[in-house]
A.B. asks: 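Could you have a look at this structure, given as structure tokens, before my questions?
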Amino acid sequence: MTGRPAAVAAFGKVIANELVSSAFHRLDVVLDVPFAFLPGQFVMINEPGPRAWTFSRPFSILAGDGDTVALLYRVVGRGTAALAALGPGSPVSVLGPLGEPFPAPAEGQVTVLLGGGVGLPPVFAWWRRWGQPGDAACFGARHAGEVPWGLLGDTWRVSVDDPAGLAAGHRAASGVVTSLVADDAELPDGPRVVTLACGPWPLLRAAAALARRRGWRCWVSLEEHMGCGYGVCKGCVVRVADGGHERNATCCQDGPVFDAERLPGLVGSDLPTCGDGPTGAKGGCA
Amino acid sequence: MTGRPAAVAAFGKVIANELVSSAFHRLDVVLDVPFAFLPGQFVMINEPGPRAWTFSRPFSILAGDGDTVALLYRVVGRGTAALAALGPGSPVSVLGPLGEPFPAPAEGQVTVLLGGGVGLPPVFAWWRRWGQPGDAACFGARHAGEVPWGLLGDTWRVSVDDPAGLAAGHRAASGVVTSLVADDAELPDGPRVVTLACGPWPLLRAAAALARRRGWRCWVSLEEHMGCGYGVCKGCVVRVADGGHERNATCCQDGPVFDAERLPGLVGSDLPTCGDGPTGAKGGCA
Amino acid sequence: MKRPDWWRSDATAPFRLGPRMLPGRVWTASGCFGYGLAAHDFTAADCASPYAGLGAVVTKTVTPLPREGNPMPRLVETPCGALNSIGLENVGFDAFLTTVLPELEARGVPTIVSLAATTPEDFGPMVRRLHDAASGFRHWHGVELNLSCPNVAEGGHDFGSSPATVARCVAAARADLPDRALLAKLTPNTADIAQLAVAARDAGVDAVSAINTVVGLDVDLRTGQPYLPRRFGGYSGAAILPIALAKVDQIVRGTGVPVVGVGGIATVEDALKFFALGAVAVQVGTAQMRDPFAAARVAAALGQWSSS
Amino acid sequence: MKRPDWWRSDATAPFRLGPRMLPGRVWTASGCFGYGLAAHDFTAADCASPYAGLGAVVTKTVTPLPREGNPMPRLVETPCGALNSIGLENVGFDAFLTTVLPELEARGVPTIVSLAATTPEDFGPMVRRLHDAASGFRHWHGVELNLSCPNVAEGGHDFGSSPATVARCVAAARADLPDRALLAKLTPNTADIAQLAVAARDAGVDAVSAINTVVGLDVDLRTGQPYLPRRFGGYSGAAILPIALAKVDQIVRGTGVPVVGVGGIATVEDALKFFALGAVAVQVGTAQMRDPFAAARVAAALGQWSSS
Ligand SMILES: Cc1cc2nc3c(=O)[nH]c(=O)nc-3n(C[C@H](O)[C@H](O)[C@H](O)COP(=O)(O)OP(=O)(O)OC[C@H]3O[C@@H](n4cnc5c(N)ncnc54)[C@H](O)[C@@H]3O)c2cc1C
Ligand SMILES: Cc1cc2nc3c(=O)[nH]c(=O)nc-3n(C[C@H](O)[C@H](O)[C@H](O)COP(=O)(O)OP(=O)(O)OC[C@H]3O[C@@H](n4cnc5c(N)ncnc54)[C@H](O)[C@@H]3O)c2cc1C
Ligand SMILES: Cc1cc2nc3c(=O)[nH]c(=O)nc-3n(C[C@H](O)[C@H](O)[C@H](O)COP(=O)(O)O)c2cc1C
Ligand SMILES: Cc1cc2nc3c(=O)[nH]c(=O)nc-3n(C[C@H](O)[C@H](O)[C@H](O)COP(=O)(O)O)c2cc1C
Ligand code: FES
Ligand code: FES
């Protein structure tokens, strides 16, 4: 918790808000105050004034620089639909950065980044800040159209559930995103490798299972329905192992990044299955 | 009541929404259905979908043609503020035409039209439909900047409370709008002259008093807070004389146009005073 | 929206309510569509008529004598709803019986007559006269006893929040209404709506309607005084939907009494929430004031699924 | 907005509440700002601090033992508000006393401690221990008894809606709280909130807080089931403002008991409506979750008028 940048309650204006793939929008906002964040942190965003939603919406930070912040999102309900309708110049309110980031790399660490769908932002931001040549940056989507190729560039390995429609010049493996590294012999077994994962629940389970098998450390970024985003409402709790017993932790303040080994819901059962995750799980792929 | 065009519940798109004076906006909407109206009738307007206000807002029809309808409005609260923020292409819902219109002219009638502020639309529409050379079309505003000169052209007589700031080429008397015709000798005394008035309560009282003095007939268009606009909620009642007693009438369905002589609140007392009118009175002038 | 997997009913098909078959499960709520006659010639590009597919128009509440209602203003809009203090303005029972009801019959409008009175025993004579005058009417389907209007002093608050009074009203009306549906409309302004529902059922209703408006107040910041001359108004619209759902659930699961859900319904999604909890029908109130086709649109959306 | 003509008070000046001077009339509501510590380093361009000008932070309700609260999900947003079913998750009284309260004191956060218990008699020991441990604290101003949380089975519904129980709770707490303000937070889920206020006053409170959340429910259309595992939740936010105003008016005009207004306040306009009706202070709840500076902004707006 120490060393997290303090949150600002900022007013912003939309600079750009456009589709970067068939399903993912990128929102760029300029704020009225300087903004610094750590990869894995998120913001709560809303429309200001009488059109505000009762609760702001949480989104991981894709990028942030000086006084700008960028998000990557998928439209799933009324809040994200309202977000997608905001044109350049629209006012927004932004609270952040919030939450526990992914850990910074230790000396000699090899990092495996696993992002599924709109779970890309935290691992993308980590990669931009700290990525090294030996690391493996992996992104998975449901199909080729979803992939924000322009954002990923050449360095990202991409997998798609359904390889149909892959355009010339784009490369993607078919299958779940963990398959991109599951048997990668260049990645050593053991705790020198650290996996950072964000995406739908099955992806997180697969990541945790893979990490266990290969002796890697594994951090995951969770989603829960949030009220406040800053720890005051207890609306976003997840169960974490603490010594011998389980207790509640807030996804927004104690997380969203957790050590996979501390999440009984994630590593408790052998097979990754769907639908038994937190109440919200990042729509996406894998 | 007979012969009123049937109301349509239409969806529309904003064609234009611009200031036509320092304080009055003109809204032009194209509807998904044909639209016909009688001067003095109004529409209920709203944003469609989840952003709709609980109650639509009533506005007199300024003009309407084929499948378009035009309104003239002043921003006074959140509904009109929301209206003013709608750009071209914005969807709106429109219910109308509604209410009792001003009577069509009888053979040999001379008509005195009195519009104050945003009370202009019903008399303006009447003038466009039925106006004749001998009629007197009068508009009053608080000050010169409020006057929509482009709309009024040369045929309208204009009065302003405060003549400061009158631009070259614009002519306006100073004083209340009734003063434009009060002592006009070309207008005969007696019931051949019919006054049609719309505007704030003091204007309506002055119009009724003038008509009494000169033996003119007088019809006024009232405002009341409205829920439905089509007679079903009883939220907009005004007291009207009916034979020897008083009873409730709905402003939206029995009005908004009433015979001034039937409105005890209007003609009951000798001197026009402010603030004892209906709960809403068209902000404006005079 | 898409038809939810769990939705199996046809809300636009006739269904039995007590002694009567009603033509559908989407109704308009009392006081928000007048006597059901004002919109007869309205048109819309996307909906056949304001009455298309409706199970019933519940009329404005009618009282034994005509009422002029409360002083103006009577309506206040709030960000997600409205307060009203109409005060049961209505033409009175005689005029209703001789003029309004025959016209509803002539136009084929499925009708539930909403009645209010000052004492429980007043309901008997009204229902008897209804029955005598309209027993041959095909489109008059029933009576809804308004036991809950918070705007009327003499018939207000305590009237409808005592189970014993509810029972007396229902019993008085039921005695003379053998062949039409009888409903009691309950107040939400009570800690225990379920016991009111039980009292109504035990006295003979076929269903209860829940909810009437919630007591609310709004202040005019210009004066620092309440907007409404009588201070309080009845709160309705989208804002009360979760409250109405809670009350309906308390009745359905707590008692099994059939419920007609009312409160905040504007869309098919809103209506489905009540059906999901087990409501037998729904009523559209405040939304009908904004859009005369609101209930018909809900019915159309539900009806379209039944054929697919 | 402009200062309304009728507004004469200074809501950011100290005022007396029972035995205690409080630093201001704009507070945060229980459960919506945690223990008042999570936002201590937050900044905003237009507001000095989330605590600037606040009269009090009312803490999350603390119970004798730690509580894990209800199953997830615990929150549902509705178009104009939200339902919560947190279930009083809290660190428990011991941890609160040894860790949280001293930190609030050290940071100079004006604090009202919200307490709940399973029986009225549990309040006495808690208040006594508070008094013993914190009697020297300068920023601990009082206790608010949460007699109204609808999410906790054993202390729910009936607990706070019986005047006799309210009186017992208050009496138990008052006995050991001679020099701090004592408030009772009342439930709106009752037909007669005024009688609860009278019971609380007669047993010794300095003011009542009104209102807690309204019982509500929302349905997940995908499943046809309530969103919340416990079906019902507490309804809060803009949607309940007119209900809260009505309840406050009923208490103030019906009984004269001092009221702290809570329910739907997000802006200075909202707060002014409660003050217009005679509330002695206001609390910002749900809006504080969206904006940690919400209450401070209300205080700043009110404070600015006092100097003009
Ligand atoms: C820490 C965190 C980071 C996130 N980062 C991203 C991101 O980078 N890109 C992205 O597209 N999405 C992200 N999400 C998910 C995003 O918050 C939801 O998609 C969004 O809140 C949906 O809002 P809505 O109004 O469109 O959906 P609705 O379903 O209409 O929302 C109703 C309520 O449910 C909540 N909700 C719905 N889905 C989710 C969900 N999956 N997670 C949490 N709450 C949810 C909403 O916040 C709202 O309170 C993140 C969630 C969390 C908790
Ligand atoms: C028949 C009729 C015709 C009208 N024609 C025009 C017109 O041509 N141009 C124009 O600018 N205005 C006209 N008005 C007034 C216009 O309806 C109001 O200015 C508008 O409703 C204000 O809405 P608001 O949300 O901005 O104000 P708010 O004060 O925020 O509105 C709150 C509520 O009060 C009602 N209300 C507020 N002021 C009035 C008012 N003066 N009359 C009736 N209801 C009011 C609103 O409809 C709303 O329900 C007309 C009113 C009526 C009844
Ligand atoms: C303007 C208005 C008038 C009403 N009049 C009556 C009435 O006469 N009788 C009645 O039983 N309910 C009356 N109601 C209550 C509605 O029928 C309905 O129960 C309530 O408004 C909640 O539903 P809604 O949110 O869909 O409006 C009235 C409501 C409004 C808004
Ligand atoms: C998430 C949440 C948690 C709450 N927890 C408590 C609580 O612990 N104790 C309490 O007295 N009230 C609690 N409340 C109620 C609020 O303090 C307040 O009374 C209510 O929400 C109405 O005010 P609002 O509309 O401003 O939120 C809670 C409300 C919310 C939304
Ligand atoms: S969202 Fe409020 S505590 Fe996490
Ligand atoms: S506005 Fe509803 S009757 Fe006139």
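In what follows, chains are A, B, ... by sequence order, proteins preceding strands, each numbered from 1.
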A.B. asks: Can you give me the closest heavy-atom contact between C:I86 and B:C233, atom names plus distance?
C.D. replies: CD1-O, 3.2 Å
A.B. asks: Can B:R239 and C:E68 be counted as an ion pair, charged N to O under 4.0 angstrom?
C.D. replies: yes
A.B. asks: Which atoms of C:C80 are under 4.5 Å from chain B, going by heavy atoms: the side chain, the backbone, both sets, or neither?
C.D. replies: backbone
A.B. asks: In terms of heavy-atom proximity below 4.5 Å to chain B, should C:F33 be classed as side chain, backbone, both, or neither?
C.D. replies: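 Both the backbone and the side chain of C:F33 come within 4.5 Å of chain B.
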A.B. asks: Using the rule given for salt bridge (charged side-chain N to carboxylate O under 4.0 Å, His left out), can you reason through B:R57 versus C:E77, listing the C-alpha separation, both sets of side-chain angles and the distance that settles it, and then say yes or no?
C.D. replies: CA-CA 11 Å; B:R57 300 293 192 258; C:E77 193 194 69; 2.9 Å; yes
A.B. asks: Looking at C:T78 and B:T54, what are the two nearest heavy atoms and their distance?
C.D. replies: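 Minimum heavy-atom contact is O-OG1, 4.1 Å.
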A.B. asks: Where on C:P50 is there a heavy atom nearer than 4.5 Å to chain B: the side chain, the backbone, both, or neither?
C.D. replies: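 Neither part.
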A.B. asks: Using only atom types and a distance under 3.5 Å, with no angle test, would you say the side chain of C:R290 pairs donor to acceptor with the backbone of B:W53?
C.D. replies: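 Looks like yes, one N/O pair under 3.5 Å.
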A.B. asks: For each of B:A7, B:C236, B:G231, B:G79, tally heavy-atom pairs with chain C at distances under 4.5 Å, and name the one with the top tally.
C.D. replies: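 Looking at each of B:A7, B:C236, B:G231, B:G79 in turn, B:A7 comes out on top.
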A.B. asks: What are the two closest heavy atoms between C:R297 and B:A9, and how far apart are they?
C.D. replies: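 Looking at all heavy atoms of both residues, the shortest contact is NH2-CB, 4.2 Å.
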A.B. asks: Side chain, backbone, both or neither: which part of C:D46 has a non-hydrogen atom closer than 4.5 Å to chain B?
C.D. replies: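 For C:D46, the contact with chain B is made by the side chain alone.
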A.B. asks: Checking B:N248 against chain C: side chain, backbone, both or neither under 4.5 Å from a heavy atom?
C.D. replies: both
